[in-house]
Amino acid sequence: MSPKTFDVIVTGAGSVGLPTAVFLAEAGLSTLVIDQFAGPGQGSNKAAIGGIRATHSAPAKIRLCLESLRIFSNWERCHGDNIEWFQGGYVFVAYREQEERSLKQLLQVQQGYGLNIRWLDRDELITLVPGIATEGLRGGTYSPEDGSASPMMSSAAFYRRAVECGVQFRFGERVTAVIKRHGGVVGVRTDKGGYATETVINSAGAWARPLAQSAGLDTPVVPDSHEAGITEPVARFLTPLLVDIRPTEGARNYYFYQHKPGGVVFCITPDPAIVGTDRRETSSYLPMIANRMVGLMPKLANIKVRRTWRGLYPMTPDGAPVLGWSKKVEGYVHAEGMCGQGYMLGPGVGAVLSRLVRGVESPEDREILHELRPDREFGGEEALK
Ligand SMILES: Cc1cc2nc3c(=O)[nH]c(=O)nc-3n(C[C@H](O)[C@H](O)[C@H](O)COP(=O)(O)OP(=O)(O)OC[C@H]3O[C@@H](n4cnc5c(N)ncnc54)[C@H](O)[C@@H]3O)c2cc1C
């Protein structure tokens, strides 16, 4: 019996694969999503803390995340699912001259792209963030249109919508290879069988590289691990997501916010990076971040931590995703290397990919795809990646 044929096969029901499948199916394409885990969003998606911002410095990421912000912020109104969207904004704090200088330099770039972000002086910041440590505080950037949502609730919502639009899912099934004939995709092989398609999207996150290699491609995606945690829920006391970019021993920066149900969710960027796929929590993470968070906001000493977890970033050398048609294998679409921002990029990436696959991309999409093209030099590194 010949394998069932789909217009598009998406590998990975994660931050990127789920919204991508929604937009493909909404446009009428028969779509199959295959994931090795038992349900939607069980890879890095559920490890994300839910921060969503358009305030990057690379134009492609700004544009993708602006589209994501529109999708996340309108989701409940359009589709009825509560995804815990909360528009609290982002604040990057400055306590030293060097952070003030680099944040203000970045601010000019971001304002140049039309983003709603401005500098708050010390007093304005203290008013916006009551309880923030005041000693040495110089001010910070504030982008009020950024926000947060629940990665678990949004993956459930994207999944529900995808099923409603006719997307088929195979969970607990691993794609072992992309099958090619005459230089073009003809299907995928899995540990349970095979499926035919002329278009395959690799949105396999931290596990994307072996799949790309099965097609004879080598996308430079290397997983590294990051830890996060959540406290008990309490009455709202914090509106924006706070980012402190002062490096310390073992960490480049850390950030936290109070999510809609009231818990404080927090995360650190380890330095040096912890390369690999180990997802077991460590005993060093919580003491390190707790100290820093209490230093920034002393009243956090009174809140109890509920749990911590560790997940993977699919990192690229320049901190930006790899997106678009392969120039070497016809029908292969890269949606790899989302780094630490795949949750916020996911819906924007999905919308662009659905236009790309249908050949109806806009001039702006083409600029995004050019910037994130698979054959670029991975030389530079984005500020605050
Ligand atoms: C602690 C932490 C905090 C984070 N916080 C944020 C945040 O606040 N905001 C943000 O935007 N991002 C955040 N991130 C990053 C974000 O989680 C990732 O960038 C994002 O989830 C990657 O999306 P993805 O779709 O590429 O991968 P995933 O969501 O991991 O999806 C990939 C899927 O592919 C499946 N898969 C892989 N290989 C195969 C195969 N061969 N066959 C079948 N299935 C396969 C996996 O099972 C997985 O479900 C955070 C990450 C961590 C670890």
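Just follow the structure's listing: the first ligand is 1, and inside any ligand the first atom is 1.
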Any Ala206 heavy atom less than 4.0 Å to ligand 1: no
Residue pair Thr176 / Asp191, side-chain donor-acceptor N/O under 3.5 Å: no
His226 and Tyr313 aromatic ring geometry - parallel, tilted or perpendicular at 30°/60° bounds: parallel
For ligand 1, the portion of Ser203 having any non-hydrogen atom under 4.0 Å away: backbone
Region of Pro151 that comes within reach of ligand 1 [heavy atoms, distance under 4.0 Å]: neither
Region of Thr190 engaging ligand 1 - heavy atom pairs below 4.0 Å: neither
Axial cation check for Phe86 ring with Arg236, 6.0 Å and 45° limits: yes
Ligand 1 contact by Glu173, heavy-atom criterion under 4.0 angstrom: yes
Per-atom contacts of ligand 1 with Gly311, taking only distances under 4.0 Å to non-hydrogen atoms: 53 (C)
Ligand-residue contact atoms, ligand 1 with Arg174, heavy atoms, under 4.0 Å: 40 (C), 41 (N), 42 (N), 43 (C)
Which of the ligand 1 atoms, numbered from 1, are nearer than 4.0 Å to a heavy atom of Phe37: 47 (O)
Row check, Tyr95 ring normal vs Arg138 NZ/CZ: under 6.0 Å, within 45°: no
Interfacing atoms of ligand 1 (cut-off 4.0 Å, heavy-atom, Ala228): 1 (C)
Partner set under ring pair (Phe, Tyr, Trp, His ring centres under 6.0 Å) for Trp85, not counting sequence neighbours: none
Ring centres under 6.0 angstrom apart (Trp119, Phe92): no
